[in-house]
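No hydrogens, no waters, no symmetry mates; every other heavy atom, side chains included, goes into these values.
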Amino acid sequence: TMVTAMLFAGGIGARMKYSDMPKQFLEVGGKPIIIHTMEHFARHPKVDAIVVACKADWIGYLNELIAAFNVSKVKTVVPGGASGFDSIHNGVMATAEFSKDPEDIILICDGVRPMLSEELITNCIKDTKKYKTAVPVTPSIDSLLYSEDGETCGKSYQRSTMYITQAPQGYTMEKILWAHEEAYKRGITNPVSSSELFIELGEKVHLFLGERFNIKVTTPEDLTTLRSQFY
């Protein structure tokens with residue numbers, strides 16, 4: 001089976017606040033965040049190809065970075081879409097161009113996970129082979145309250161049943177192509193992530209234990225956490 005890592009970096013990082021540059025291109029430890037993320041997949045012995053969906057006007061810059069840092073296995077860089085889901089869709093379709101076996105595996109990952117471990121990728125591939133879906137999660141260490149308006153709360157969740165989703169999320173090509181086709185048929189336009197899409201389609205997804213260090217760099221605080229690993 002062929003394994004393709006499909007990274008999406010379509011966003012501009014509105015929650016990062018202080019940078020004109022999309023967050024995936026911010027440099028930490030001498031390299032842009034997205035290059036760190038890509039290198040984890042490029043170095044992994046079981047990953048065969050990398051596809052990136054990137055904000056259209058940054059594709060030229062990303063291609064320059066891929067060349068400058070000599071990132072291997074990159075098959076294609078495609079334009080991202082209007083939403084995160086559209087970007088993933090573009091990447092999935094680009095992967096389907098060359099990954100033809102229904103049992104082939106796609107690892108869908110945001111471009112801003114620069115602390116991914118080899119072991120997490122290995123576990124994701126292993127579980128996807130076995131269960132056809134594999135979503136890394138960490139148990140919630142925080143108590144969770146539910147509020148409709150952000151001001152009052154009448155409901156809390158039992159912490160032991162709550163999990164935080166991570167990436168990469170693994171799917172067989174057969175599964176992901178089915179889900180994307182169904183999404184467009186049913187008018188599901190912007191699921192938060194691929195796992196949410198499957199759940200919305202009434203499917204169960206297989207969970208496996210992720211890693212607390214596998215942070216998604218979204219806010220200035222995350223950037224501080226990440227920098228502390230390099231300096």
Side-chain angles (χ1 to χ4, degrees), residues 6-26 28 33-34 37 53-55 58 80-92 108-116 120 133-169 171 176 179-180 182-184 186-229:
M6 202 292 286
L7 277 61
F8 57 101
I12 47 172
R15 285 171 288 190
M16 198 52 90
K17 312 237 188 336
Y18 56 68
S19 170
D20 292 336
M21 185 176 259
K23 62 189 176 183
Q24 55 268 23
F25 295 117
L26 297 175
V28 177
I33 289 172
I34 190 159
T37 308
C54 174
K55 199 167 153 40
W58 287 85
S83 67
F85 179 62
D86 290 330
S87 294
I88 292 171
H89 184 72
N90 292 355
V92 167
I108 299 177
C109 191
D110 15 2
V112 286
R113 289 199 182 262
M115 287 168 64
L116 259 179
L120 185 71
T133 64
V135 178
V137 295
T138 54
S140 176
I141 53 170
D142 301 310
S143 300
L144 296 165
L145 300 180
Y146 176 81
S147 173
E148 287 278 355
D149 58 8
E151 290 183 13
T152 54
C153 167
K155 186 180 181 183
S156 68
Y157 288 104
Q158 197 181 333
R159 190 172 61 198
S160 61
T161 64
M162 291 292 130
Y163 293 85
I164 314 297
T165 56
Q166 295 192 332
Q169 298 186 0
Y171 302 97
I176 200 73
H180 277 249
E182 282 296 305
Y184 283 102
R186 301 191 202 180
I188 299 168
T189 53
N190 202 7
V192 182
S193 77
S194 302
S195 54
E196 263 92 350
L197 170 58
F198 276 90
I199 291 159
E200 224 174 304
L201 292 170
E203 295 278 303
K204 278 195 161 69
V205 291
H206 170 75
L207 306 180
F208 71 99
L209 192 61
E211 296 168 346
R212 301 261 312 142
F213 264 117
N214 177 24
I215 61 168
K216 178 184 177 190
V217 184
T218 309
T219 66
E221 292 82 4
D222 298 329
L223 213 48
T224 306
T225 305
L226 177 60
R227 288 201 167 112
S228 71
Q229 298 306 305

Measure the spacing between [atom1] of [X] and [atom2] of [Y] and express it to the nearest 0.5 Å.
{"X": "I176", "Y": "F198", "atom1": "CD1", "atom2": "CZ", "answer": "4.5 Å"}
{"X": "T225", "Y": "M115", "atom1": "OG1", "atom2": "CE", "answer": "8.0 Å"}
{"X": "K55", "Y": "F8", "atom1": "NZ", "atom2": "CZ", "answer": "15.5 Å"}
{"X": "N214", "Y": "I164", "atom1": "CG", "atom2": "CD1", "answer": "13.0 Å"}

What heavy-atom pair brings [X] and [Y] nearest, and what distance separates the two atoms?
{"X": "S87", "Y": "G80", "answer": "OG-CA, 3.3 Å"}
{"X": "G210", "Y": "P136", "answer": "CA-CB, 4.0 Å"}
{"X": "S156", "Y": "L145", "answer": "CB-CD2, 3.7 Å"}
{"X": "A9", "Y": "Q24", "answer": "O-NE2, 3.0 Å"}
{"X": "W58", "Y": "P22", "answer": "CZ2-CD, 3.1 Å"}

N/O donor-acceptor pair under 3.5 Å between [X] side chain and [Y] backbone:
{"X": "T37", "Y": "R113", "value": "yes"}
{"X": "T161", "Y": "Y157", "value": "no"}
{"X": "T133", "Y": "H206", "value": "yes"}
{"X": "S140", "Y": "R159", "value": "no"}
{"X": "Q166", "Y": "V137", "value": "no"}
{"X": "S195", "Y": "V135", "value": "no"}
{"X": "E182", "Y": "L201", "value": "no"}
{"X": "D222", "Y": "I215", "value": "no"}
{"X": "D149", "Y": "T152", "value": "yes"}

Original post:
Between Y184 and F85, does the ring centre distance come in under 6.0 Å?
Top reply: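 Under 6.0 Å, so yes.
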**OP:** Please lay out, stage by stage, how E221 and T224 fare under the test side chain to side chain donor-acceptor pair (under 3.5 Å).
**Re:** CA-CA 5 Å; E221 292 82 4; T224 306; over 6 Å; no
Original post:
Going by distance alone, is a donor N or O of one side chain under 3.5 Å from an acceptor N or O of the other, for S83 and D86?
Top reply: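 There is such a pair between these side chains.
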Hey, are the side chains of [X] and [Y] touching, using non-hydrogen atoms and a 4.5 Å cut-off?
{"X": "L26", "Y": "V217", "answer": "no"}
{"X": "E203", "Y": "L197", "answer": "no"}
{"X": "I108", "Y": "Y171", "answer": "yes"}

